[in-house]
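Everything numeric here is computed off the predicted structure, so don't read it as measured data. So you know, we letter chains A, B, ... as the sequences are listed, proteins then strands, and number each from 1.
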There are 2 protein chains.
Amino acid sequence: MRDLANALGIEAASIYSHIRSKEEILQRVCFRMADEFFGAIEAVKDENASATEQLKRAISAHVQVLTRNTEASAVFLQEWRHLSEPHHTEFLALRDRYENYFREIIRLGIASGEFQVPDEKFAVLTILSGLNWIHTWYKPEGKMKPAEIAENLSAMLLSGLKKNLN
Amino acid sequence: MRDLANALGIEAASIYSHIRSKEEILQRVCFRMADEFFGAIEAVKDENASATEQLKRAISAHVQVLTRNTEASAVFLQEWRHLSEPHHTEFLALRDRYENYFREIIRLGIASGEFQVPDEKFAVLTILSGLNWIHTWYKPEGKMKPAEIAENLSAMLLSGLKKNLN
DNA sequence: TAAACAACCTAACGTTCGTTAGCAAGTAAT
DNA sequence: ATTACTTGCTAACGAACGTTAGGTTGTTTA
């Protein structure tokens with residue numbers, strides 16, 4: 001709190017004119033980011049597109065949110081564990097719902113014959129882990145732009161490392 | 001420290017008969033795990049195998065270490081940031097060296113025509129992110145065994161989601 | 001058998017933590 | 001013009017933190 005106050009140029013105690021507690025900050029960051037992720041993914045939702053196309057768009061949306069808010073994303077991805085009840089439970093429910101977006105796409109892709117996957121849930125976890133690692137190395141001033149990152153990720157996750165003989 | 005002492009059934013102050021400081025525990029865990037990872041990957045090293053085979057073995061070795069030490073792995077993957085100098089710098093150097101193992105395999109695979117990759121460093125990061133996410137959901141009593149996890153990960157990372165038309 | 005050491009204890013240290021109480025000044029609403 | 005609200009302040013609270021000092025007891029080592 002004293003560090004935060006210092007960064008704001010005010011006294012630690014003054015923070016409490018704006019928030020009720022330290023945990024409230026955590027809650028706000030976590031649930032605002034959840035909103036951002038849902039907003040982004042819902043904006044690119046398109047029932048008529050192929051599973052491949054849907055997945056590409058979802059990945060792109062996710063990467064955009066992640067790179068636009070690197071610090072809040074780090075909190076969202078790592079610090080939600082420290083949420084107190086009932087927020088902890090609520091957060092996990094939201095995360096599940098978000099994962100289900102991806103799961104639906106995978107399911108659709110399997111049904112349409114586009115995808116071939118060892119395990120559905122496992123596939124989603126691996127995809128999201130690849131996406132969620134970005135915040136640890138992404139730098140806005142780096143040479144790889146968000147759109148390019150999304151493209152590369154889509155390529156790797158869809159086609160893998162193996163040389164494509166098409 | 002008091003929590004740790006409680007778990008050990010002794011007083012907090014008694015811990016200091018065994019260690020110099022709290023940070024020493026962090027250092028020991030981090031560098032012991034680094035040893036484990038290096039040991040595992042060096043044990044499966046085989047210059048004569050194909051890049052595909054080498055990558056599969058490296059992934060398997062990594063997953064084995066990760067699942068055999070879930071809690072220490074969490075520390076190794078997340079808490080190294082809190083290492084003080086010079087250990088912080090030393091740790092990063094080790095991590096770089098470890099990533100280079102994978103990078104070499106990718107390079108080899110590109111040279112041999114086995115792999116096709118948008119960006120070499122990016123590929124390694126995505127692979128390792130997929131591996132290092134495991135500790136957040138893996139349960140020894142779960143139905144997916146380490147060997148199976150490694151196999152699924154290899155399949156996903158090598159071939160991607162797309163249906164293989166071989 | 002004496003000395004050294006290991007592993008624990010109790011008591012307490014100084015610091016940092018999140019937070020509250022109470023007050024002052026500026027701004028907005030009635 | 002009075003009231004109420006906002007945003008900041010100083011001072012301080014109790015709790016928790018990592019750690020040290022100094023002592024006791026049992027086990028090794030010389």
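Applying the salt bridge (Lys or Arg N to Asp or Glu O under 4.0 Å) test to every pair with at least one member in residues 140-150 of chain A, sequence neighbours left out, gives no pairs at all. Residues in residues 102-114 of chain B take part in these salt bridge (Lys or Arg N to Asp or Glu O under 4.0 Å) pairs, two or more places apart or across chains: B:R103-B:E120, B:E104-B:R107, B:R107-B:E120.
Contacts between residues 74-88 of chain A and DNA chain D, defined by a heavy-atom separation below 4.0 Å, involve no residue at all.
With sequence neighbours excluded, the residues forming a side chain to side chain contact (heavy atoms under 4.5 Å, CB included) with B:H88 are B:W80, B:L83, B:E85, B:L92, listed by chain and number. For B:A13, there are no side chain to side chain contact (heavy atoms under 4.5 Å, CB included) partners at least two apart in sequence or on another chain. With sequence neighbours excluded, no residue forms a salt bridge (Lys or Arg N to Asp or Glu O under 4.0 Å) with A:R81. Not a single side chain to side chain contact (heavy atoms under 4.5 Å, CB included) links B:N6 to another residue, sequence neighbours left out. Residues meeting the side chain to side chain contact (heavy atoms under 4.5 Å, CB included) test with A:Y16, sequence neighbours left out: A:M1.
Five base pairs at each end of the helix from C:dT1-D:dA30 to C:dT30-D:dA1 define two local axes, and these are offset by 10° (rounded to 10°).
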Indicate every side-chain donor-acceptor pair of residues 149-159 of chain B with a distance under 3.5 Å to a residue at least two apart or in another chain.
from: B:S154; atom 1: OG; to: B:A150; atom 2: O; distance (Å): 3.1

Side-chain donor-acceptor distances from residues 55-63 of chain A under 3.5 Å, at least two apart:
from: A:R57; atom 1: NE; to: A:E53; atom 2: OE2; distance (Å): 3.1
from: A:R57; atom 1: NH1; to: A:D46; atom 2: OD2; distance (Å): 3.4
from: A:H62; atom 1: ND1; to: A:Y98; atom 2: OH; distance (Å): 2.6
from: A:H62; atom 1: NE2; to: A:N132; atom 2: OD1; distance (Å): 2.8

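Distance A:L4 CG to C:dT16 P: 18 Å, rounded to the nearest Å.
Put simply, CD on B:Q27 and OG on B:S84 are 5.5 Å apart, with the number rounded to the nearest 0.5 Å.
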(request) Give the B/S/- string for nucleotides 5-22 of chain D, one per nucleotide from 5' to 3', where a protein heavy atom under 4.0 Å of the base yields B, of only the sugar-phosphate yields S, and otherwise -. (result) --BBBBBB----BBBB--
